[in-house]
Amino acid sequence: MTDTIFALSSGPPPAGIAVIRISGPQAGAALCAMAGKLPPPRRATFASLRDPHDDTLLDRTMVLWLPGPGTATGEDSAELHLHGGRAVVSAVDRVLARLPGLRRAGAGEFTRRAFANGRIDLAEAEGLADLLSAETELQRRTAMAMADGALSREVNRWRDALLGLSARLEAALDFSDEDDMGEGESLLPANFARDCAALANELRQWLDRPRAEPLKEGFRVVLAGPPNAGKSTLFNALVEHEAAITAAEPGTTRDVLTHAVALDGVPFTFVDTAGLRDEGAGEIERIGIARARAAAERADLILWLGPEGEGPQDRPLWEVAAQCDAPDAPRKSASALHLSAMTGEGMDALRQALVIHAKSALPAPGDAALNMRQHRLLSQVEETLARNQHEQDPLIAAEHLRLARRALDELVGHTGIEDMLDALFGRFCIGK
């Protein structure tokens with residue numbers, strides 16, 4: 001990465017202030033060419049920015065000179081805090097593009113340079129990507145924990161523990177070459193199996209935590225039941241939007257409708273589905289029913305609006321009497337949720353119950369949460385340590401520890417991750 005990149009890092013103009021970031025070996029030269037001189041390091045300085053080609057005044061503004069390596073990217077960097085009009089930003093952008101050694105940055109390129117220069121590891125970069133896409137307070141706090149290194153610090157501690165186990169094992173192997181080993185005496189260090197078990201148990205506690213995917217996608221609540229049970233009416237009431245067509249005619253809903261919404265800062269994805277019935281459905285409705293059954297299989301929770309006891313049994317399910325104001329509504333037991341989306345009766349209680357239930361299934365505020373990739377690698381570490389609890393051959397035990405260290409290195413991006421870097425940093429915006 002020998003070239004120098006630049007990009008608008010604030011929101012699109014017009015705005016009160018527009019921040020252009022520059023990073024790379026020519027950052028200082030670019031700032032000097034436009035401002036006439038380098039300001040003092042790490043001090044906001046008023047400057048007149050000019051086009052070096054014809055000395056045209058571009059803006060009078062604040063600039064920052066940030067020499068590396070103690071910067072966000074680990075490189076020499078500069079920031080131009082411009083007036084946020086489109087013409088100002090465009091003029092400065094054109095001038096920077098003409099300067100030798102400079103080019104416009106690609107998506108996520110600043111953060112990728114921070115990763116390549118050791119300013120952040122892969123787990124922190126993933127947390128930062130989640131932070132940029134966070135839409136609820138719970139998502140923000142969990143992403144902030146990851147971006148701040150909550151998992152990375154644990155990984156470093158686990159790796160140190162693995163190195164300690166490996167060192168003890170190597171010492172025991174060296175000692176085994178001496179002549180005073182007793183017959184039948186184990187070549188493994190004292191308490192080796194116990195220490196492997198203790199570390200495996202610690203990792204298992206992390207693996208048992210709520211995962212990151214439900215938090216990113218929203219706690220998935222599927223409304224299911226027969227036709228005309230009030231699913232679409234309840235769906236519209238929960239999302240507070242006329243997203244689904246409601247009518248007395250059976251089979252009105254023929255496809256799966258999804259809508260993301262936050263309740264009390266907790267992300268939800270509500271799913272409206274076609275009415276489930278075995279007879280009287282046309283070809284298109286039957287496709288909708290098949291999709292409804294598939295949606296139920298992916299649910300974190302099913303709100304069942306049909307006859308009591310007839311809902312899917314393989315997923316968490318709440319019985320709901322959704323038309324309690326209707327005189328001919330099917331009767332359900334007192335344990336069911338009785339409500340009316342039409343009158344609002346019971347809706348506040350349902351929302352509150354959903355929030356409480358989702359919070360118990362999602363990461364606690366501020367807790368780090370493993371994504372699928374991290375969970376897979378940490379599972380590999382736990383499995384190798386579990387095997388070492390029963391291993392008697394010191395050479396095989398040493399190989400298990402090496403594989404565990406390799407998985408931890410891959411988790412934080414120290415090895416074996418080139419194939420997923422483009423996908424990760426492509427999630428970032430230009431200028432980040």
Side-chain angles (χ1 to χ4, degrees), residues 1-121 124-125 128-129 131-132 147 413 421-422 424-432:
M1 296 184 183
T2 58
D3 52 354
T4 299
I5 58 174
F6 68 92
L8 177 68
S9 292
S10 54
I17 296 175
V19 179
I20 288 182
R21 301 173 70 193
I22 310 169
S23 182
Q26 297 300 314
L31 181 57
C32 188
M34 298 179 69
K37 62 179 181 180
L38 277 181
R42 294 177 173 81
R43 183 182 300 174
T45 304
F46 181 77
S48 296
L49 299 181
R50 296 182 177 275
D51 184 344
H53 179 69
D54 58 12
D55 204 38
T56 300
L57 180 65
L58 301 170
D59 196 14
R60 300 185 190 275
T61 188
M62 304 296 294
V63 298
L64 283 169
W65 162 236
L66 306 167
T71 63
T73 60
E75 304 175 322
D76 286 349
S77 301
E79 290 185 1
L80 312 178
H81 293 236
L82 310 170
H83 290 94
R86 290 189 179 88
V88 174
V89 174
S90 296
V92 173
D93 180 90
R94 287 194 300 271
V95 169
L96 288 171
R98 290 199 301 264
L99 294 177
L102 270 68
R103 65 171 176 81
R104 295 180 178 90
E109 195 165 359
F110 288 93
T111 307
R112 185 159 188 166
R113 290 191 175 204
F115 168 76
N117 293 324
R119 299 298 294 175
I120 59 174
D121 64 31
E124 291 168 325
L128 184 55
L131 185 63
L132 292 174
L421 288 181
D422 289 340
L424 170 64
F425 292 111
R427 293 171 55 193
F428 288 74
C429 56
I430 302 292
K432 187 60 182 174

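Here, residue 1 is the first one in the sequence, and each next residue gets the next number. All values reported here derive from a predicted model rather than from experimental measurement.
Between Pro39 and Leu31, the closest side-chain pair of non-hydrogen atoms falls below 4.5 Å. Residues Trp65 and Arg42 fail the side-chain proximity criterion, which asks for heavy atoms closer than 4.5 Å. At a threshold of 4.5 Å between non-hydrogen side-chain atoms, the residues Val95 and Met34 count as touching. The closest side-chain heavy-atom distance from Leu8 to Pro13 is below 4.5 Å. Using a 4.5 Å cut-off on side-chain heavy atoms (C-beta onward), Thr45 and Pro40 make contact.
Of the listed residues (Arg104, Arg98, Arg21), just one forms a salt bridge (charged side-chain N to carboxylate O under 4.0 Å, His left out) with Asp93, and that residue is Arg104.
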Determine whether Ile17 and Ser10 satisfy the following criterion, side-chain contact (heavy atoms from CB on, under 4.5 Å), listing intermediate values before the conclusion.
CA-CA 8 Å; Ile17 296 175; Ser10 54; over 6 Å; no

Let me see the working for Thr4 and Leu99 under side-chain contact (heavy atoms from CB on, under 4.5 Å), right down to the final yes or no.
CA-CA 10 Å; Thr4 299; Leu99 294 177; over 6 Å; no

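No donor-acceptor distance shorter than 3.5 angstrom exists from the side chain of Asn117 to the backbone of Glu75, with no hydrogens or angles considered. Between the Thr73 side chain and the Phe110 main chain, no donor and acceptor come within less than 3.5 Å of each other. Panel note: side chain Asp76, backbone Pro25; no donor-acceptor pair is recorded below 3.5 Å.
Note that CG of Leu96 is 5.0 Å distant from CD1 of Ile22, once rounded to the nearest 0.5 Å. A distance of 13.0 Å separates CZ of Arg119 from OG1 of Thr111, quoted to the nearest 0.5 Å.
Ion pairing between a basic and an acidic side chain is recognised when a charged N comes within 4.0 Å of a carboxylate O; Arg94 and Asp51 show no such pairing.
With a 6.0 Å radius and a threshold of 12 heavy atoms from other residues, nucleotides or ligands, Arg43 has its CZ atom at or below the threshold.
The shortest heavy-atom contact between Leu58 and Arg50 is CD1-C, 3.8 Å.
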